[in-house]
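One structure below.
These numbers come from the heavy atoms of this one structure, side chains and all, not from hydrogens, waters or symmetry mates. We name chains A, B, ... by the order of the sequence lines, and we start the count at 1 in each one.
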2 protein chains.
Amino acid sequence: MTPKLTESQEDYLKKIFLLSEKHDNPVSALDISEHLKVKPASVTNMLKKLSELNLVDYKPYYGARLTRAGELVALEVLRHHRLLELYLSEILGFGWEEVHEEAEKLEHVISERLEAKIAEKLGHPTHDPHGDPIPSADLELPDDSHRYPLTRLKVGQKGFISRVTTQDTDSLNMLSRLNLTLKAQLEIIGQERNGVRVEVEQDRFLLPLELASKIWVETH
Amino acid sequence: MTPKLTESQEDYLKKIFLLSEKHDNPVSALDISEHLKVKPASVTNMLKKLSELNLVDYKPYYGARLTRAGELVALEVLRHHRLLELYLSEILGFGWEEVHEEAEKLEHVISERLEAKIAEKLGHPTHDPHGDPIPSADLELPDDSHRYPLTRLKVGQKGFISRVTTQDTDSLNMLSRLNLTLKAQLEIIGQERNGVRVEVEQDRFLLPLELASKIWVETH
DNA sequence: GCTATAAATTAGATAAGACTAAATAAAACC
DNA sequence: GGTTTTATTTAGTCTTATCTAATTTATAGC
């Protein structure tokens, strides 16, 4: 069925999946090119190849979408990645800043067997420390239908932070100082054009949209 | 200093190191070719490249020897490999037959940091379950000067098995049935042209040279 | 010392995936 | 709607590591 993909191909598929999550449109070559740190011409080449393998839908000057087959590959790689990150951090005592790079290399080479052992050791987690979902062994994403970015909540809604979608160390550090960390309870005070006003443990902040859009909240 | 080698290059260096251990001569292209499952022509190409990098001494129609620099690379890869095998088996519950293949892929991608964490978890082991030496963090091999293959011991010498240098499952299984496993005490009864005669827990066997040469004994 | 065989090397081809430079298409601006 | 800017694609090059086929060197037999 899957005649063994190269690491590069897996990287492209994973990246397309991650970029697709943000909007709903096909992912542009430039977008991929910037995130994978390759030139746009290289992206075009690869998209043609992936298209022939029926892993992406691609038409010139249009962009790329994953096919179901491509999505499954992406989910598999993503599962590897997030399980590895979690394993490195929880079991081997790595700092969360260190794990990404290591997982980036390991995700392509671990066997299904090792993946299973790692998942088992971790108690089959559904989310990683940033709240990012970990696809299950049969490649289903956990049900996160009651989680939304801060920017999409209504005034008055309450909940707790369940996901923070930035890897930027300084941003994370800043959020930490503001007690805007995973599990933190908060309430939406206002949705304004220049940000989201929230209340956290007595404090109130006006979070710039840029930041607010990266904080996901589980409502209740 | 070392401008990052490819996985292939690392494989060649590791294999040359392992093949060098057996005899003392330069390793032939054919030998490498068979063990890496590539064609001799490919070996010649690679040896030229490694030679330019000063990782092997290579002269046409002569063979290859590792330089000190090449040996260090090989030791590093070997350390990764054996630590990984041990980790997979001891910590993650893999069977010893399963670990080799997995380690073969992982050995090239783990960071120094992960290597260190793994070594720490394992208590900085000096030998793997087969008795194969694990180079230390500063790439020294443990002192195994009092270990010899059965074939090199004198009649009357006693000791215990400290290394078995075959990966063949059926051979290992056979040795296991004969109680010829790691730590087993034995005595050399005779060195004969068709094998080594040994005594193990009451039993006596005449071990064919082929087999005897793979069993290493720590004398006392 | 010549010949047969085995081993090693050279030369040239291929595949993957990156690149640069040039050409083309689409989008954005008045 | 034409023009400029931006994005994308095409065409061709490079590197790495394989391969096959042909040639050359070394080794063994007699």
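- The residue B:Y12 sits close only to the backbone: its heavy atoms come under 4.0 Å of sugar-phosphate atoms, none of a base.
- Note that CD of A:Q191 is 11.0 Å distant from CZ of A:R197, once rounded to the nearest 0.5 Å.
- Neither OP1 nor OP2 of C:dT9 sits under 4.0 Å from any side-chain N or O of B:K48.
- Counting to the nearest Å, the P atom of C:dA21 and the NZ atom of A:K39 are 11 Å from each other.
- Across all strands, B:P60 comes closer than 4.0 Å only to sugar-phosphate atoms, never to a base (heavy-atom distances).
- An OP1 or OP2 oxygen of C:dA8 is reached within less than 4.0 angstrom by no side-chain nitrogen or oxygen of B:T44.
- For A:V38, whose side chain is taken as the heavy atoms from C-beta onward, the closest listed nucleotide among C:dC19, D:dT18, C:dT9 is C:dC19.
- The distance from atom CH2 of B:W96 to atom CG of B:L172, rounded to the nearest 0.5 Å, is 10.5 Å.
- The CD-P distance, from A:E34 to D:dT6, rounds to 13 Å in whole Å.
- Taking the nucleotide of DNA chain D with the nearest heavy atom to each of A:P40 and B:P40, the more 5' of the two is matched to A:P40.
- Going from atom OG1 of A:T166 over to atom CD1 of A:I215 covers 10.0 Å, rounded to the nearest 0.5 Å.
- Comparing atom distances between the A:Y61 side chain and each of C:dC19, C:dG17, C:dA25 picks out C:dA25 as nearest.
- For the pair A:N45 CG and C:dC19 P, the interatomic distance rounds to 10 Å; values are reported in whole Å.
- One atom, CG of B:D11, and another, C1' of D:dT18, lie 14 Å apart when rounded to the nearest Å.
- Across C:dA16, D:dA17, C:dT9, the shortest atom-to-atom separation from the side chain of B:Y58 is found for C:dT9.
- In this structure, B:L50 places its CG atom 9 Å from P of D:dA17, rounding to the nearest Å.
- To the nearest 0.5 Å, atom CD of residue B:E102 and atom CG of residue A:L114 are 4.5 Å apart.
- For the pair B:K15 NZ and D:dA17 C1', the interatomic distance rounds to 18 Å; values are reported in whole Å.
- Using a 4.0 Å heavy-atom distance criterion, B:A41 is classed as a base contact.
- Nearest nucleotide to the side chain of B:L30, out of D:dA17, D:dT8, C:dA8: C:dA8.
- The CD-C1' distance, from A:Q9 to C:dA15, rounds to 12 Å in whole Å.
- The NZ atom of B:K59 sits 21 Å away from the C1' atom of C:dT10 (whole-angstrom rounding).
- Both A:S8 and B:L47 sit near DNA chain C, but only B:L47 has its closest nucleotide nearer the 5' end.
- Judged purely by atom type and a 3.5 angstrom limit, B:R65 has no side-chain atom pairing as donor or acceptor with the backbone of B:D57.
- Residue-level contact check: A:S42 touches the bases, meaning some heavy atom is under 4.0 Å from a base atom.
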